[in-house]
Amino acid sequence: MSDARTPVGVDLLNPDVYAVDNQPRLWRRLQNECPVGWHEPTPGVPGFWVLSRYADIMEVFKDTTTFSSARGNILGTLLAGGDPAGGQMLAVTDPPRHRDLRRILQGGFSARSMRRIADSVRAVARRLVAEAVERGGCDFVADIAARIPLEAICELLAVPVEDRARMLELTSAALDADSTPMEAAKAQSDIMNYYAKLVPERRANPQDDAVSMLATGAVDGRPLSEVEVFLNCYNLIIGGDETTRFSGAGGLLALIEHPDQWRLLKERPDVIDSAVEEIVRWTSPALHIARVATADTTVRGARIAAGDIVTLWIGAANRDEEVFEDPYSFDLARTPNKHMAYGFGPHFCLGGALARIEMQILFEEIRDQVGSVSLAGDVEYSRSNFLTGVSRLPVAFTPSTLKSPSTEEA
C-alpha cells in the first residue's frame, strides 16, 4: 500500500484522445501501467482517479456507501462543482432513496409496457429500414438510429403521437454537439416545460407509463415534487437516447467493417441475442462513469481520500483481457459476454432491458430487409470525453432477396 500516485500521463479531458484508432492503445496502457492512475489537476480543475480494470470497477459499482453518486456521475459535472439534481434524479441519488425512486420508476417498465413499446418500435423500425432500402441508402444515424430510441422513450412516457416529431426535434437540439449553448439550453427548457404540462394530466388520469408512475409516486409517504418528476422524466429521455443511438450506429459500422460477422448475422437467426450484447460491448458509448469517495479507502493498494473524484472507464473495462478473450475482436457469437455498458450493481441501467429490445428489433429488421450494406461517404464521430460514437454514417443498402420473417408475421 502506498501514498504515491501513478500519473496517467494523458489528458483524459481532451475529446481527441478517444479517437477510434487510439482507444486500444489507450486502454491497454492504462490497464498495464496504471490501473488505478491519478489524473493531475490543472489550474481551476481538480485531479481525479482513473480506474480501468474490470474487477476494480465492479467493486466500486457495488459499494455505493464508499463511492457516492449524489454529487454527480460524470466528470464534466463533478469538475464544475457537482450536479444540482443530486438526491432528486435517479442517476445521481444514493441508496436508500435511490432504491425507492427506482421502485417507482420500475412500474413504467412492466411486461405489459415492454410489449407495447416493442410493438411500436417494431412498426417504426420496419418502416424506416424499408424506406431507406427503397431509397438505396441513408444517413443511418439521422434517419434510423436516432429515431428508434426516441420512439421507445415516447412510448415509455406515453407522449401523444402528435407530439413526437416535436420531441425528436427538441431532444436532437438538446443533445447535438453542433447546437450552440443557447440552443441546447432552450431545447432543454422546452422539454421541461412540456412535462410541466403533462404531469398534472397524468396525476389526474394516471396510465401505466413512467410519467404516471412518477406523478403519483411517493417516497416515505411524501409525493415526489414537480421538480423531481421533471428531472426524472428528463433523465429517462437523455439516458435512453444517445447511448442506444450510438450503439445502433456503431453496430452497423462494425458489421460493414467485419463482413464475416454480417454474414453470420444474416445466416444465423439464433445469434441475435449474443449479437446485441457484442454490439453494445463493442461500442460502449459511455466512456466513463464517476463517483466521489465518502471516506478514505484503498483500491488495488492506492490510497483514495474522502472527497476524491473516482472515474470508472467503461470502454476500458469492456476490453479487459483478464475478462474477455480476444477483446479487440468483434464476435457476434461471443459468450459469455458480461460487459459493463449498462453499469453494474444498484445503479445498473434501469432502461437496459428496453435498450436490448430496441437493438434486437433494429438489427432483426436490418437482417431481414437489407441484402448488403456499404459505406456511401465519410463517417463522422462525436467529440466528447463522456459519450463516444458515430454521429454520421452514410450507407448504401440493397434489398434482401429473402422473405422477411418479421414481414410475414405482420
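No experiment lies behind these values; they were computed from the predicted model shown.
Within a 6.0 Å sphere centred on CD of Glu267, other residues, nucleotides and ligands contribute more than 12 heavy atoms. Enclosure of atom CG in Asp378 is not indicated, since only 12 or fewer non-hydrogen atoms of other residues, nucleotides or ligands lie within 6.0 angstrom. The local environment of CG in Asn14 is crowded, with over 12 non-hydrogen atoms from other residues, nucleotides or ligands closer than 6.0 Å. Within a 6.0 Å radius of NZ in Lys186, other residues, nucleotides and ligands contribute 12 heavy atoms or fewer.
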Checking Trp49 against Trp38 for the side chain to side chain contact (heavy atoms under 4.5 Å, CB included) test, could you report, in this order, the C-alpha distance in whole Å, the side-chain angles of both residues, the deciding distance, and whether it holds?
CA-CA 5 Å; Trp49 292 97; Trp38 175 250; 3.6 Å; yes
Check the pair Asp241, Arg245 against salt bridge (charged side-chain N to carboxylate O under 4.0 Å, His left out), reporting the backbone distance first and the verdict last.
CA-CA 6 Å; Asp241 178 84; Arg245 167 161 50 97; 3.4 Å; yes
Would Arg97 and Glu228 count as a salt bridge (charged side-chain N to carboxylate O under 4.0 Å, His left out) here? Give the steps.
CA-CA 12 Å; Arg97 186 172 180 80; Glu228 289 172 318; 2.4 Å; yes
Trp262 and Ile366: CA distance, side-chain angles, deciding distance, side chain to side chain contact (heavy atoms under 4.5 Å, CB included) verdict:
CA-CA 10 Å; Trp262 171 253; Ile366 291 169; 3.8 Å; yes
Where do Thr298 and Ile304 land on the side chain to side chain contact (heavy atoms under 4.5 Å, CB included) test, with the steps shown first?
CA-CA 6 Å; Thr298 61; Ile304 295 174; over 6 Å; no
Would you sort out whether Phe61 and Ile289 count as a side chain to side chain contact (heavy atoms under 4.5 Å, CB included), showing the intermediate values?
CA-CA 9 Å; Phe61 269 136; Ile289 297 294; 4.2 Å; yes
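Checked for salt-bridge contact, Arg122 and Glu365 meet the test: a charged N lies under 4.0 Å from a carboxylate O. Classification of Glu59 and Arg53 as a salt-bridged pair fails, no side-chain N sitting under 4.0 Å from a carboxylate O. With respect to Arg164 and Glu155, a salt bridge is recorded, a charged nitrogen being found less than 4.0 Å from a carboxylate O. Ion pairing between Arg135 and Asp143 holds under the 4.0 Å rule for side-chain N and carboxylate O. Salt bridge status for Arg303 with Asp308: absent, with no side-chain N to carboxylate O gap under 4.0 Å. At a threshold of 4.0 Å, the pair Arg126-Asp368 does not count as salt-bridged, since none of the basic side-chain nitrogens sits closer than that to a carboxylate oxygen. Under a 4.0 Å N-O distance rule, the pair Arg268/Asp270 qualifies as a salt bridge. Of the charged side-chain nitrogens involved, at least one lies within less than 4.0 Å of a carboxylate oxygen, so that Arg112 and Asp208 count as a salt-bridged pair. Ion pairing between Glu277 and Lys338 fails under the 4.0 Å rule for side-chain N and carboxylate O. Under the 4.0 Å criterion applied to side-chain N and carboxylate O atoms, Arg28 and Glu33 are not assigned as salt-bridge partners.
Taking every heavy atom of both residues into account, Ala249 and Ala145 meet most closely at N-CB, 4.1 Å. Between Ser247 and Thr283 the shortest heavy-atom distance is OG-OG1, 3.2 Å. For the pair Thr335 and Ser274, the tightest heavy-atom approach, listed with the atom from each and the gap, is CG2-CB, 4.2 Å. When every heavy atom of Ala187 is checked against every heavy atom of Leu170, the shortest pair comes out as CB-O, 3.4 Å. When all heavy atoms of Leu90 and His98 are compared, the closest pair comes out as O-CD2, 3.2 Å. Between Leu354 and Ala152, the shortest heavy-atom distance links the atoms CD1-CB, 4.3 Å.
Donor-acceptor pairing under 3.5 Å is recorded for the side chains of Asn318 and Ser284. For the residue pair Asn385/Tyr18, the side-chain donor-acceptor check at 3.5 Å is not satisfied. Judged by distance alone, the side chains of Trp313 and Thr311 do bring a donor and an acceptor atom under 3.5 Å apart. If you check the side chains of Thr66 and Thr294, you find no donor sitting under 3.5 Å from an acceptor. Side-chain polar atoms of Gln369 and Ser400 form no donor-acceptor pair below 3.5 angstrom. Side chains of Asp94 and Ser68: a donor-acceptor N/O pair is present below 3.5 angstrom, by distance only.
Although no hydrogens or angles enter the test, the distance criterion places a donor-acceptor pair under 3.5 Å between the side chain of Thr93 and the main chain of Met89. One N or O on the side chain of Gln31 and one on the backbone of Ser52 form a donor-acceptor pair closer than 3.5 Å. Checking side-chain atoms of Arg116 against main-chain N and O of Ala111 turns up no donor-acceptor pair under 3.5 Å. Remark: the backbone N or O of Pro206 is not paired with any side-chain donor or acceptor of Ser212 at under 3.5 angstrom. At least one donor-acceptor pair closer than 3.5 Å links the side chain of Lys266 to the backbone N or O of Arg367. In this structure, the side chain of Thr398 engages the main chain of Ser372 through a donor-acceptor pair within 3.5 Å. Panel note: side chain His339, backbone Ala341; a donor-acceptor pair is recorded below 3.5 Å. A donor-acceptor contact shorter than 3.5 Å is absent between the side chain of Glu257 and the backbone of Ala254. The main-chain N or O of Gly389 is found under 3.5 Å from a side-chain atom of Ser382 such that the two form a donor-acceptor pair. Ser113 contributes no side-chain N or O that, together with a main-chain N or O of Phe109, makes up a donor-acceptor pair within less than 3.5 Å.
The shortest side-chain heavy-atom distance between Ile74 and Thr77 falls under the 4.5 Å cut-off. Inter-residue side-chain proximity for Phe48 and Leu79 is flagged as met; some heavy-atom pair is nearer than 4.5 Å.
Atoms CG and CD, on Leu332 and Gln261 in that order, are 4.5 Å from each other to the nearest 0.5 Å. We find the OG-CZ distance between Ser329 and Arg319 to be 9.5 Å, quoted to the nearest 0.5 Å. Once rounded to the nearest 0.5 Å, the distance linking CE of Met359 with CD of Glu364 reads 12.0 Å. Here Thr244 contributes atom OG1 and Ile148 contributes atom CD1; the two are 10.5 Å apart, rounded to the nearest 0.5 Å. The CD atom of Glu380 sits 5.5 Å away from atom CZ of Arg392, with the distance rounded to the nearest 0.5 Å. The CZ atom of Phe348 lies 11.0 Å from the CE atom of Met340; values are rounded to the nearest 0.5 Å.
Shown here are the side-chain contact (heavy atoms from CB on, under 4.5 Å) partners of Arg203, two or more places apart in sequence or in another chain: Val199, Ala215, Glu226, Val229. Every residue two or more places apart in sequence or in another chain was checked for a salt bridge (Lys or Arg N to Asp or Glu O under 4.0 Å) with Arg291, and none qualifies.
Side-chain rings of His288 and Phe386 approach one another, their centers coming within less than 6.0 Å. Taking the six-membered ring for Trp, Phe344 and His347 have ring centres at least 6.0 Å apart.
Between Phe330 and Trp282, the ring planes are tilted. Angles from 30° to 60° get that label.
Cation-pi geometry between Arg334 and Phe324 is not met at under 6.0 angstrom from the ring centre and within 45 degrees of the axis.
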